[in-house]
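One structure follows; several queries about it will come next.
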Amino acid sequence: MSVQAISWTASGAVRVLDQRALPEAEIERELESGEAVADAIRQLQVRGAPLIGIAAAMGLVAGTRELRAAPRSAFLERVTQLVDLLGAARPTAVNLRWALDRMARVAAATPGDGSDLWERLHAEATAIWEEDRAMCRRIGEHGLPLVADGANVLTHCNAGALATGGIGTALAPVYLAHEQGRKVHVYVDETRPVLQGARLTAWELMHAGVPCTLITDGAAGALMRQAKVDVVLVGADRICANGDFANKIGTYGLAVLARHHGVPFYCAAPWSTVDATLGDGDLIPIEQRAPEEVTTLAGRPTAPPGVTALNPAFDVTPARYVTGYVTDRGLVQPPFVASPP
Ligand code: MRU
């Protein structure tokens, strides 16, 4: 799996693969400031719950480089500003807040001046990134039994290498099954309106040599009715204390279809996606994005000028539709408990 969604530059800035440009072009961008990282997150150049947490942590480091010679108080003041800025970039994925809170705690607890604090934050952001890579691997190992030889998996959006620091969440069991020589095939929902499935998931699966078939979002039900789907694997942006979870718009519909057709439906996520402070999914803030994402395609209008369009980026799947949660700490069967299993 050679896809690298994020890395450091030699000078402590953030290098990302611009996911808006895929699959047409593989463009790497160097983000030199916290503001540039926040913009990249807002514009979906960097996206996927775990990856935006990693990017925000690294953005905090990039944005404090010029304060290495500053006194402690000025450095910490800038950290607070950047935490607010980066934390507001997108509301639904809890990983963003989780990573920034962790960075802010480390900054406050580290003695010394700007240069000591900066070095410590650089190390912490690197640790968040490396831990995510390891968590992805463990999710893959725990989910491996769900992907039998010959399995047809259906996935939505992109919860693969492009969404994480490692081999993905929902796609991690697929990659490990493929690595072990099992025959696995993935149906990829195109994922309207921004097409993360078509542009990103199909791209990275093909890159890895995993057989896949792109389908329109509306085709999933028909395939399940024809018994062509063995298991649905999706990612998550936030899992609540009761197991309700938010993921890309369209996930809820898939879960209902899967239940109706008796297809197992799994949510895969690292523990950094669990928000034990929220009792249920109605409390998750759902990002509303620009209507233009719905009324245009590749910059061209696909709807009459002036039409009203609604564009919630995520929906909530109630826990009762979930067969199990594939986490880095193990395969969790319902009822979901938000403390460590
Ligand atoms: O709007 P996006 O592309 O950031 O949405 C991403 C998803 O919904 C993913 O499924 C989720 O973040 C899990 S990524 C491992």
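Order of listing sets the numbers, starting from 1, for every ligand and every atom in it.
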- prompt: Which ligand 1 atoms are under 4.0 Å away from a heavy-atom of Asn158?
  reply: 9 (C), 14 (S)
task: Output the list of atoms in ligand 1 that are nearer than 4.0 Å to some heavy atom of Gln196, sorted by atom number.
output: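 This gives 1 (O), 2 (P), 3 (O) as the contact atoms.
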Residues Arg133 and Glu131 bridged, charged N to O under 4.0 Å: no
query: Can you tell me which residue and heavy atom of the protein come closest to atom 14 (S) of ligand 1, and the distance to 0.1 Å?
result: Ala163 CB, 3.5 Å
statement: Any heavy atom of Leu51 under 4.0 Å from ligand 1? The part involved is neither
Asp237 neighbourhood, listing ligand 1 atoms whose heavy-atom distance to it stays under 4.0 Å: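 Near Asp237, the atoms of ligand 1 are 7 (C), 8 (O), 9 (C), 11 (C), 12 (O).
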task: Check whether Tyr252 and Val232 end up in the same hydrophobic cluster, where Ile, Leu, Val, Met, Phe, Trp and Tyr are linked by side-chain heavy atoms less than 4.5 Å apart.
output: no
message: Could you check whether Glu179 pairs with Arg137 (Lys NZ or Arg NE/NH1/NH2 to Asp/Glu carboxylate O, under 4.0 Å)?
response: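 A salt bridge is present here (some side-chain N lies under 4.0 Å from a carboxylate O).
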message: Tell me the closest heavy-atom pair linking Arg20 and Arg199, and the distance in Å.
response: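 Scanning both residues, the minimum pair turns out to be O-NH1, 3.8 Å.
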task: Verify whether the ring centers belonging to Phe336 and Tyr325 lie closer than 6.0 Å.
output: yes
task: Work out whether the distance between some heavy atom of Ala313 and some atom of ligand 1 is less than 4.0 Å.
output: no
query: Can you tell which of Arg90, Arg238, Gln19 gets a heavy atom nearest to atom 4 (O) of ligand 1?
result: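 Shortest heavy-atom distance from atom 4 (O) of ligand 1: Arg90.
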message: Regarding ligand 1, does Thr169 bring an N or O atom to under 3.5 Å of one of the ligand's N or O atoms?
response: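 No - when backbone and side-chain N and O of Thr169 are compared with those of ligand 1, no distance drops under 3.5 Å.
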message: Counting only nitrogen or oxygen atoms and a 3.5 angstrom limit, does Gly48 reach ligand 1?
response: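 Yes; the residue has a nitrogen or oxygen that sits under 3.5 Å from a nitrogen or oxygen of the ligand.
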- prompt: Which residue and non-hydrogen atom of the protein lie closest to atom 10 (O) of ligand 1, and at what distance in Å?
  reply: Asn247 OD1, 2.7 Å
query: Would you call the rings of Tyr187 and His185 parallel, tilted or perpendicular if under 30° counts as parallel and over 60° as perpendicular?
result: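 The arrangement is perpendicular - the two ring planes meet at more than 60°.
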- request: Assess Ala93 for proximity to ligand 1: is some non-hydrogen atom of it under 4.0 Å away?
  value: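 The answer is no, since Ala93 has no heavy atom less than 4.0 Å from ligand 1.
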message: Among Thr164, Thr201, Thr191, which residue satisfies the side chain to side chain donor-acceptor pair (under 3.5 Å) criterion with Asn158?
response: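 The option that passes is Thr201.
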task: Check each heavy atom of Ala236 against ligand 1 and say whether those closer than 4.0 Å belong to the side chain, the backbone, both or neither.
output: backbone
- request: Compute the shortest N/O to N/O distance between Ala49 and ligand 1 and return yes if it is under 3.5 Å, no if not.
  value: yes
message: To the closest 0.5 Å, what do you measure between CG (Leu22) and NE2 (His207)?
response: 9.0 Å
query: Is the closest side-chain donor-acceptor distance between Ser7 and Arg15 under 3.5 Å?
result: yes
query: Given Glu287, Lys248, Arg289, Arg47, which one has a non-hydrogen atom that is nearest to atom 3 (O) of ligand 1?
result: Arg47
task: Please indicate whether any nitrogen or oxygen in His156 is less than 3.5 Å from any nitrogen or oxygen in ligand 1.
output: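 No, since none of the N or O atoms of His156 sits under 3.5 Å from an N or O of ligand 1.
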query: Any ion pair linking Asp275 and Arg238 (charged N to carboxylate O, less than 4.0 Å)?
result: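 Counted as a salt bridge, because a side-chain N and a carboxylate O are separated by less than 4.0 Å.
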